[in-house]
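For clarity, every value in this text was computed on a predicted model and none was experimentally measured.
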Amino acid sequence: MGRERRPWAAAAAAAALLLVASCVAAAPLLQQHQRGRISGDAGGVLDDNPVGKLKVFVYEMPRKYNQMLLAKDSRCLHHMFAAEIFMHQFLLSSAVRTLDPEEADWFYTPVYTTCDLTPQGFPLPFRAPRIMRSAIKYVATTWPYWNRTEGADHFFLTPHDFGACFHYQEERAMVRGILPLLRRATLVQTFGQRNHVCLQEGSISIPPYANPHKMQAHLINPGTPRSIFVYFRGLFYDMGNDPEGGYYARGARASVWENFKDNPLFDISTEHPSTYYEDMQRAIFCLCPLGWAPWSPRLVEAVVFGCIPVIIADDIVLPFADAIPWEQISVFVAERDVPRLDSILTSIPLQDILRKQRLLAAASVKQALLFHQPARPGDAFDQILNGLARKLPHAKGVFLQPGEKVLDWDAGLESDLKPW
């Protein structure tokens with residue numbers, strides 16, 4: 001099967017050369033309109049300026065909820081959950097911040113629930129419910145604003161694998177459910193999957209953190225041909241956490257390996273080479289399969305490097321889906337169809353590939369997925385603020401009558417109710 005596809009792969013690489021030349025020629029135009037809408041029917045990234053549309057009050061929290069956690073382990077700044085840290089830093093100097101809570105549209109609690117790392121640097125969510133409950137209790141007993149709405153005008157960043165369900169294994173996350181005290185709040189989270197108990201109505205899906213400076217340092221000559229047809233580096237099995245095999249990634253990654261490890265069109269491996277970012281820029285398609293959760297930083301990396309994302313994650317809710325034309329810059333493959341990946345990708349018309357690549361080349365699309373430091377117009381911070389602004393004004397029903405209670409402080413797993 002693979003040998004029969006070789007001529008197509010060569011043709012695709014040749015076509016990609018022509019595409020790169022056209023993109024280079026169009027570069028001045030892209031720079032002029034990097035915050036404008038993409039030409040054609042793809043729409044574009046919303047470039048609304050959120051300043052003036054909302055006011056955010058940032059709670060002043062004891063350092064144990066944020067700065068002390070970060071000082072204990074600075075690796076928190078570099079993992080894929082770091083958006084909660086950078087969002088805090090951004091808001092402290094943002095023009096939407098207000099020091100008068102009486103005029104605030106939204107209240108933000110800076111608590112770093114992902115800054116609890118294993119020796120290997122992996123965030124563990126097990127203490128997160130206790131940290132979050134403690135932070136909410138502090139806010140509720142120090143200011144009057146939480147109790148007016150029981151959090152309905154508050155937003156929290158919960159960038160764990162399964163958001164505010166606080167676990168990396170889906171079965172256990174679903175059993176735990178969303179932390180009860182957060183069920184009236186707006187959750188800003190990386191996790192998103194339709195019809196899932198860990199996705200709360202009104203949540204704002206955001207991209208995982210991928211270091212913009214690191215990716216910028218690995219940019220290669222835009223004239224480099226895309227000579228790799230399909231690229232992927234990562235785990236296919238997680239025997240440590242899934243010893244029987246098959247539950248990890250719902251079997252989708254295992255299916256990729258078993259079906260295509262010997263296919264010459266597929267450059268796939270568990271190794272993570274030093275040329276990983278450069279290789280993505282030489283690829284036409286980049287596989288973005290689910291892992292423990294539906295999403296991974298590969299989605300951001302693929303877009304930044306102009307590699308067409310092949311999204312394998314049923315019912316995924318993509319970040320800023322009302323702003324980024326995901327359907328037109330990506331390829332979606334159902335998990336059950338992974339064994340047909342080669343025929344699916346080789347049957348895509350060349351003109352469709354070229355169009356997706358042109359849309360991916362828009363600077364505004366890339367910018368919307370990145371948490372820049374310092375922030376830039378139209379970046380992920382702006383997209384979050386726009387998402388919050390679009391939820392205003394708050395409905396009258398969010399404000400409770402004096403003494404009225406909705407949330408149960410004693411609800412949840414016994415282990416989550418312990419003090420922190």
Side-chain angles (χ1 to χ4, degrees), residues 16 19-20 22-40 42-50 80 82-83 86-87 90 190 204-224 226 231 276-288 295-311 318-331 353-387:
L19 168 67
V20 170
S22 66
C23 287
V24 170
L29 183 63
L30 287 172
Q31 291 170 2
Q32 290 173 17
H33 300 284
Q34 61 179 340
R35 295 194 62 218
R37 306 187 78 80
I38 303 172
S39 61
V45 176
L46 297 182
D47 58 358
D48 302 341
N49 184 353
M80 58 186 174
F86 293 118
M87 188 69 188
F90 164 75
T190 42
I204 297 174
S205 296
I206 65 172
Y209 176 74
N211 190 317
H213 302 293
K214 183 178 179 181
M215 288 188 286
Q216 178 72 29
H218 286 266
L219 290 176
I220 63 176
N221 189 323
T224 304
R226 292 189 178 268
Y231 186 74
Y276 174 67
Y277 283 158
E278 289 81 0
D279 292 342
M280 293 186 86
Q281 295 170 79
R282 297 185 181 98
I284 297 173
F285 295 105
C286 287
L287 299 186
C288 299
W295 55 271
S296 82
R298 290 178 190 81
L299 186 66
V300 176
E301 294 163 345
V303 171
V304 168
F305 293 129
C307 186
I308 299 171
V310 180
I311 299 172
L318 289 159
F320 312 136
D322 59 345
I324 297 177
W326 289 108
E327 293 287 343
Q328 300 193 46
I329 64 175
S330 309
V331 174
I353 292 175
L354 297 178
R355 185 172 184 278
K356 289 179 186 296
Q357 290 176 320
R358 282 194 293 270
L359 294 171
L360 280 169
S364 57
V365 172
K366 305 176 192 297
Q367 186 122 301
L369 294 175
L370 295 175
F371 295 92
H372 285 289
Q373 296 89 48
R376 300 179 184 178
D379 66 4
F381 297 116
D382 264 8
Q383 300 303 322
I384 292 173
L385 294 182
N386 276 318

Let me confirm one number: the [atom1]-[atom2] distance from [X] to [Y], rounded to the nearest 0.5 Å.
X: E301; Y: N211; atom1: CD; atom2: CG; value: 10.5 Å
X: M280; Y: C307; atom1: CE; atom2: SG; value: 5.5 Å
X: H372; Y: F90; atom1: NE2; atom2: CZ; value: 12.5 Å
X: I311; Y: S296; atom1: CD1; atom2: OG; value: 10.0 Å
X: T190; Y: L299; atom1: OG1; atom2: CG; value: 11.5 Å

Any side-chain heavy atom of [X] within less than 4.5 Å of one from [Y]?
X: L385; Y: M87; value: yes
X: I284; Y: Q357; value: yes
X: P208; Y: V300; value: yes

Audit row: L219, F305, side-chain contact (heavy atoms from CB on, under 4.5 Å) steps and yes/no: CA-CA 8 Å; L219 290 176; F305 293 129; 3.8 Å; yes
message: Checking D382 against F320 for the side-chain contact (heavy atoms from CB on, under 4.5 Å) test, could you report, in this order, the C-alpha distance in whole Å, the side-chain angles of both residues, the deciding distance, and whether it holds?
response: CA-CA 11 Å; D382 264 8; F320 312 136; over 6 Å; no
- prompt: Taking the inter-plane angle between the rings of F371 and Y209 on a 0 to 90° scale, is it parallel (under 30°), tilted (30 to 60°) or perpendicular (over 60°)?
  reply: tilted
Residues in ring-ring contact (aromatic ring centres under 6.0 Å, His included) contact with H218, at least two apart in sequence or another chain: Y277
Any sub-3.5 Å donor-acceptor pair from [X]'s side-chain atoms to [Y]'s backbone N or O?
X: R358; Y: I353; value: no
X: W295; Y: I206; value: no
X: Q328; Y: K356; value: no
X: R282; Y: R226; value: no
X: Q367; Y: P377; value: yes

query: Taking all non-hydrogen atoms of both residues, which atom of L370 and which atom of M215 are closest, and how far apart?
result: CD2-CE, 3.5 Å
Where A375 and F381 come nearest, the two heavy atoms and their spacing: CB-CD1, 3.8 Å
- request: Using the side-chain contact (heavy atoms from CB on, under 4.5 Å) rule, pick out the option among V304, V303, D379 that qualifies with L369.
  value: V303
task: Show your reasoning for whether side-chain contact (heavy atoms from CB on, under 4.5 Å) applies to E278 and T224.
output: CA-CA 10 Å; E278 289 81 0; T224 304; over 6 Å; no
field: From CA spacing to verdict: side-chain contact (heavy atoms from CB on, under 4.5 Å), L318, I324
entry: CA-CA 9 Å; L318 289 159; I324 297 177; over 6 Å; no
